[in-house]
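For reference, the structure discussed in these notes is given below.
Order of the sequence lines fixes the chain letters, A, B, ..., with proteins taken first and strands second; residue numbering starts at 1 for each chain.
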2 protein chains.
Amino acid sequence: MKQEKRERHAKILATLNAASSVRVAELAYQLGVSTETIRRDFDEMTRAGQLSRTYGGAVRALSAEPHAQAQPRGLLLAERQRIAKATVDAVADARILLIGSGETAVHVARQIALRMKDITVVTHSFAVAAAVGENHRIEVMMIPGRYHPAKASTTGGHAIVFLQSLYADCVILGASGLTGDGPSHALPEIAAVNTAMLNRAARCLVVADQSKFDQPFSTRFADWPQVSTLVTDAPPPAGLRKTLETNRVKLLVA
Amino acid sequence: MKQEKRERHAKILATLNAASSVRVAELAYQLGVSTETIRRDFDEMTRAGQLSRTYGGAVRALSAEPHAQAQPRGLLLAERQRIAKATVDAVADARILLIGSGETAVHVARQIALRMKDITVVTHSFAVAAAVGENHRIEVMMIPGRYHPAKASTTGGHAIVFLQSLYADCVILGASGLTGDGPSHALPEIAAVNTAMLNRAARCLVVADQSKFDQPFSTRFADWPQVSTLVTDAPPPAGLRKTLETNRVKLLVA
DNA sequence: TGAAAATTGTTGAAATTCCAACAATTGCAT
DNA sequence: ATGCAATTGTTGGAATTTCAACAATTTTCA
């Protein structure tokens, strides 16, 4: 049962989510383990920066926001902003937009909220919906489906069925990696939704920063001929560029 | 020196601002007073909603920083926790749960994440989905629809159509107000989704704190006979209680 | 001024937590 | 199978906190 500790840690975090502070004794009772185990969990989670101890309990760590990620964000922020702006330029004429999930897609969504209006945006990403929703002149439609905690987005059969009855002028998709075969994603569930989105749109833009070049991931969600445009922040390596040309993928380097 | 207590309270808040948790002994030493004085300060400040006690110390109150809201949140936090716990007790046997939107519903969702497993939760609220999603043993399904920025939830025709093809053991709904006519909501779009949810579930629980008693809002989303149980934190006024009895609504006062 | 109220300190017993050391169990690799 | 490492429970004493009761001091205000 190697999973048990992980589950316990998750529950401790969930408890802190609801209650600002927890007590060792209370938690031990709730989770059916000894107080010493809880104490050890606390030690470990403290080292991991997830919480901080108090006498008799623990509280959420100061910098442990719900979705505080590692720092790739900060490093590529400027690049992503450039990609996002170039993307919005490229879709300025669209009236119905499909948008996928991922950090870059959220940047695009923010730019869309800033610069577009009187359009409809359809997405399966909570973060994208929240970002675009800031603009009251934009209609935001949420795709149904299984909630995927890691990516805060919906996936699965419901999502795909829903997409079948949809039309969009344009779809904007992020990617975990870009290879000669096509764009791919680390999570098969997300990849499946991406594929379904792609099939419902007249035009397909893939947005990805240079760190994705030549990185293969488990599931390819498109072939290059299906992609209209790739928006990125640096010229791709020769091999990839060649493939793009062959398949008539328009390349936008922001 | 009547000012001394005020100054001390300010310093305690300041310390809490920098440290996320303080200890009684440490504070007593720093401020040059006895531990009992600090304890009494804590009691007082807890009643004022500025902090909450831990064994050996205190932490900042949950709703005390981000937006410096009025106190409805802070004051009712404990009550909502109680309502949430009682609600989970009441639905412990359900396998498929529908959950609406609102602050109280989110509290219920957090408790569900903590205490239930191997169930399916269907919701139209982003916050509920995120809260329940913390628990990997729970399947979370998101309802499609127009994204409603103010409430971070989905509404509209797509949501209602989606709900038609759904069954749930139990639905948990918040409310803006509770009158003799039934529970009502300030936003017609949300009320419409609530009604649709209610029609798909075998049992209907309404959760609402006492501030909702006898408050009418624009759109009534249910008649009392449709409601199985009302979970609240104080006995309702006589008129309302009578109506509940007449309509066989089970009353749970947490 | 004088008395009630508020504030703070002190004290000692009870409850709780902490910590280190050791034992039992499980999973995993050699 | 055997041994090692990781995980968890148990135990007992030390340290800390809590709580209630009472005393001392200061503030308020009639």
Between R8(B) and dT8(C), is there a contact of a side-chain N or O with OP1 or OP2 at under 4.0 Å? yes

Is M142(B) close to I143(A) at the side-chain level, that is, under 4.5 Å between some pair of heavy atoms? no

On the nucleotide dG9(D), are OP1 or OP2 found under 4.0 Å from the side-chain N or O atoms that S34(A) carries? yes

In whole angstroms, how far is the C1' atom of dC19(C) from the OH atom of Y55(A)? 10 Å

Take atom CZ of R53(A) and atom P of dT17(D), then tell me their distance rounded to the nearest Å. 13 Å

Toward the 5' end of DNA chain C, which comes first, V24(A) or R40(A), by nearest nucleotide? V24(A)

Using the closest heavy atom to pick a nucleotide of DNA chain C for each, name whichever of G32(B) or E36(A) lands nearer the 5' end. G32(B)

Please give, in whole Å, the distance from dG9(D) C1' to K5(A) NZ? 15 Å

Once you round it to whole Å, what is the distance between C1' of dA15(D) and CD of E26(B)? 16 Å

In this structure, how many angstroms lie between the C1' atom of dT7(C) and the NE2 atom of H9(B), rounded? 11 Å

Output the rounded distance in Å from CG (L31(A)) to P (dT8(D)). 11 Å

Please report the distance, rounded to the nearest Å, between CZ in R6(B) and C1' in dT7(C). 14 Å

Checking R80(B) against T104(B): is there a side-chain donor and acceptor pair closer than 3.5 Å? yes

Using the rule salt bridge (charged side-chain N to carboxylate O under 4.0 Å, His left out), only one of K5(A), R8(A), K11(A) pairs with D41(A); which is it? R8(A)

Length of the CD-C1' vector between E7(A) and dT8(D), whole Å: 16 Å

T195(A) and side-chain contact (heavy atoms from CB on, under 4.5 Å): which single residue from V193(A), L198(A), N199(A) fits? N199(A)

If you compare every side-chain N and O of R23(B) against the phosphate oxygens of dT16(D) (OP1, OP2), does one of them come in below 4.0 Å? no

